[in-house]
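To keep things clear, I will list the structure first and then write my remarks on it.
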Amino acid sequence: MSGAMRLLGIIALWLTLGVVPSYGADPVRIATYTVELDRKRPGLLLRDILKGDDPQVLAAARIIARIHPDVILLTRFDYDLGGVALAAFADVLAQGGAHYPHRFAFRPNTGRASGLDLDGDGRLGGPADAQGFGWFAGQSGMAILSRYPLDHDRTRDFSGLLWQDLPGAILPQVAGVPFPSRRAQAEQRLSTTGHWDVPVLLPDGRRLNLLAFHATPPVFDGPEDRNGLRNRDEVRFWRVLWDGALPWLPPDPPFVLIGNANLDPTGGQGHRSEIVALLADPRIQDPMPQSAGAAIAGQRDPVIARTDTVAWDAEGEPGNMRVDYVLPSADLTVLDAGVFWPTPDDPDVALLGEGGRAASRGRLVWVDLEFP
C-alpha cells in the first residue's frame, strides 16, 4: 500500500470514529494582576485614565504590555455599568502595543448596598455594610481583558450565593450567637468581589473556562473572625463546586482557576489549611510561578519567598506573601510560569517604579499553557 493510500485510510478511520486530530496550537498565556486601580469615589478612575499622564495607570499598563498575556484578570479595578473605564484602560494598553479587543466584567459585590449592619458596629451605610467592602457600588471590582473572544452567553456568576448556603460553611459567632445578627447572616453573600466562570474561545475552536475570584483579606475584624471565616469559605467554594455540591454544574475542563485568594499557604493570618487543600486538589495543578526579585525582596526563606506575589513590606504591613494564583486544570500542560518581579540589576525593575510601588504592590502572575 502506498503512503498516500495509507494516509487516506487513517483519515477514513478518524472520520468513522469521530476523531479530529490535533496538530498543536500556539501556547496561551494566562495572567492575573492585582492592579490597585481603585479609587474612593465613582468616576475618579476613568478621570485618571483619560488624563493620559497618571503615573499609576501608565505604570500598570507598561507592566501588562511587557508580559503581554493573551488573557488577563485584573483585580482591584473599579467597575462601572458601561465598562467605560475598562475600555479606556484597554485603549491605553493598545497604545503600548497590547491589544485586548474583548473585555468582560460582572457587577461585583464590593460596594453593593445591603441596608443592614453587616459588620456589627451598630451603624448603617458604611463601606463594611456593603455585600463586599466598598465605598461605592463597584469599587475594587474585577475585569477580564482578552485577545480572544469571550463566550458571553455561557458566562456564569456565582456571586449571589448566600454564605450560609455554602455546604460546610462556618459563619461567625460571639458567645454562641450569630454575628452580627441572624438577619444579617440571612442576607450576607459569600463572595466579597465575585466568583465567575467566563469561557474564552480559543483560535482552534476550543473553550477555556476562567474561574475568577477575589476573596476578602482574612484580617480587619475581631475575635469573631468574620473576615477570616469568609475568606476560608471563598477559597473553599471552588472545591465544593467541583464536587457537584452546589446548584450549578461543575465546570468542564480545561479550565484555569485564577485570582487573588488573599491567603498564603505558609504565612500570614487566615485559615491557611484551605489554600493548602486547594493547591493539593488533584483536579488542578500548581505551577508555582516564581521570580528572583521576590526571593531577594522577601523577608523569609528565599525558597518560599520566590513565589511571593505581593510586596507588603512597608512599616505596618504584614510582609511579602503569595496571594495571587493561576491554577490550570490537570489536563493542561504548563510550559512556563513566572511572577513579574525583576531583580534590582534587571533593567525591567524600572517598570515597578520607585520603591516598587508605582503601579501596585501586587505583582503580575502568568502561566503559559499548551492544550492536549
Side-chain angles (χ1 to χ4, degrees), residues 27 29-38 55-69 72-77 96 98 214-215 217-219 256-270 272 275-276 278-280 285-328 334-369:
R29 175 166 289 184
I30 308 293
T32 188
Y33 188 14
T34 301
V35 287
E36 297 187 334
L37 288 174
D38 46 8
Q56 186 196 11
V57 171
L58 295 177
R62 291 186 187 111
I63 289 172
I64 294 171
R66 173 66 181 82
I67 301 301
H68 207 171
I72 184 168
L73 172 72
L74 307 177
T75 55
R76 289 192 61 180
F77 189 97
H214 185 185
V219 291
V256 176
L257 175 57
I258 187 169
N260 187 335
N262 263 317
L263 196 58
D264 184 297
T266 60
Q269 297 187 48
R272 295 196 299 271
I275 193 67
V276 170
L278 178 65
L279 296 175
Q285 52 186 310
D286 180 11
M288 295 190 69
Q290 302 179 15
S291 70
I296 293 173
Q299 301 149 333
R300 50 185 179 171
D301 185 328
V303 175
I304 297 175
R306 291 182 70 89
T307 62
D308 288 344
T309 67
V310 63
W312 284 330
D313 52 4
E315 184 177 355
E317 293 179 342
N320 301 348
M321 294 186 195
R322 183 190 186 192
V323 297
D324 304 275
Y325 298 89
V326 181
L327 305 172
V334 174
L335 300 178
D336 201 0
V339 179
F340 184 76
W341 199 324
T343 57
D345 59 349
D346 186 331
D348 278 346
V349 75
L351 296 177
L352 297 179
E354 185 176 356
R357 296 179 175 226
S360 170
R361 294 170 297 174
R363 300 293 187 252
L364 188 152
V365 182
W366 56 272
V367 173
D368 288 345
L369 298 172

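Scope of the values below: all heavy atoms of this structure, side chains included, with no hydrogens, waters or symmetry mates.
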Side-chain donor/acceptor of Asn260 to backbone N/O of His214, under 3.5 Å: no
Look up atom CG in Asp324 and atom OG1 in Thr34, then write down how far apart they are to the nearest 0.5 Å. 4.0 Å
Distance-only, no hydrogens or angles: does the Gln56 side chain make a donor-acceptor pair with backbone N or O of Glu36 under 3.5 Å? yes
If I take atom NE2 from residue His68 and atom CZ from residue Arg66, how far apart are they, to the nearest 0.5 angstrom? 12.0 Å
Whether Asn320 side chain and Trp312 backbone form a donor-acceptor pair below 3.5 Å: yes
Can you tell me how far the CG atom of Leu352 sits from the CG atom of Leu364, to the nearest 0.5 Å? 10.5 Å
Counting C-beta onward and ignoring hydrogens, is there a side-chain heavy-atom pair between Val57 and Leu37 closer than 4.5 Å? yes
Hey, could you give me the CZ/CD1 distance between Arg363 and Ile67, rounded to the nearest 0.5 Å? 12.0 Å
Less than 4.0 Å between a side-chain N and a carboxylate O, is that true for Arg29 and Asp368? yes
Closest non-hydrogen atom pair, Ala337 against Val367: CB-CG2, 3.9 Å
My understanding is that only one of Leu351, Ile64, Val365 makes a side chain to side chain contact (heavy atoms under 4.5 Å, CB included) with Phe340; could you say which? Leu351
OG1-CD1 distance between Thr266 and Ile304, expressed to the nearest 0.5 angstrom: 4.5 Å
Check whether more than 12 heavy atoms from other residues, nucleotides or ligands sit under 6.0 Å from atom CD of Gln269, and answer yes or no. no
Nearest 0.5 angstrom please: Arg306 CZ to Met288 CE, how far? 10.5 Å
When you compare the side chains of Ser360 and Arg76, does any donor N or O come within less than 3.5 Å of an acceptor on the partner? no
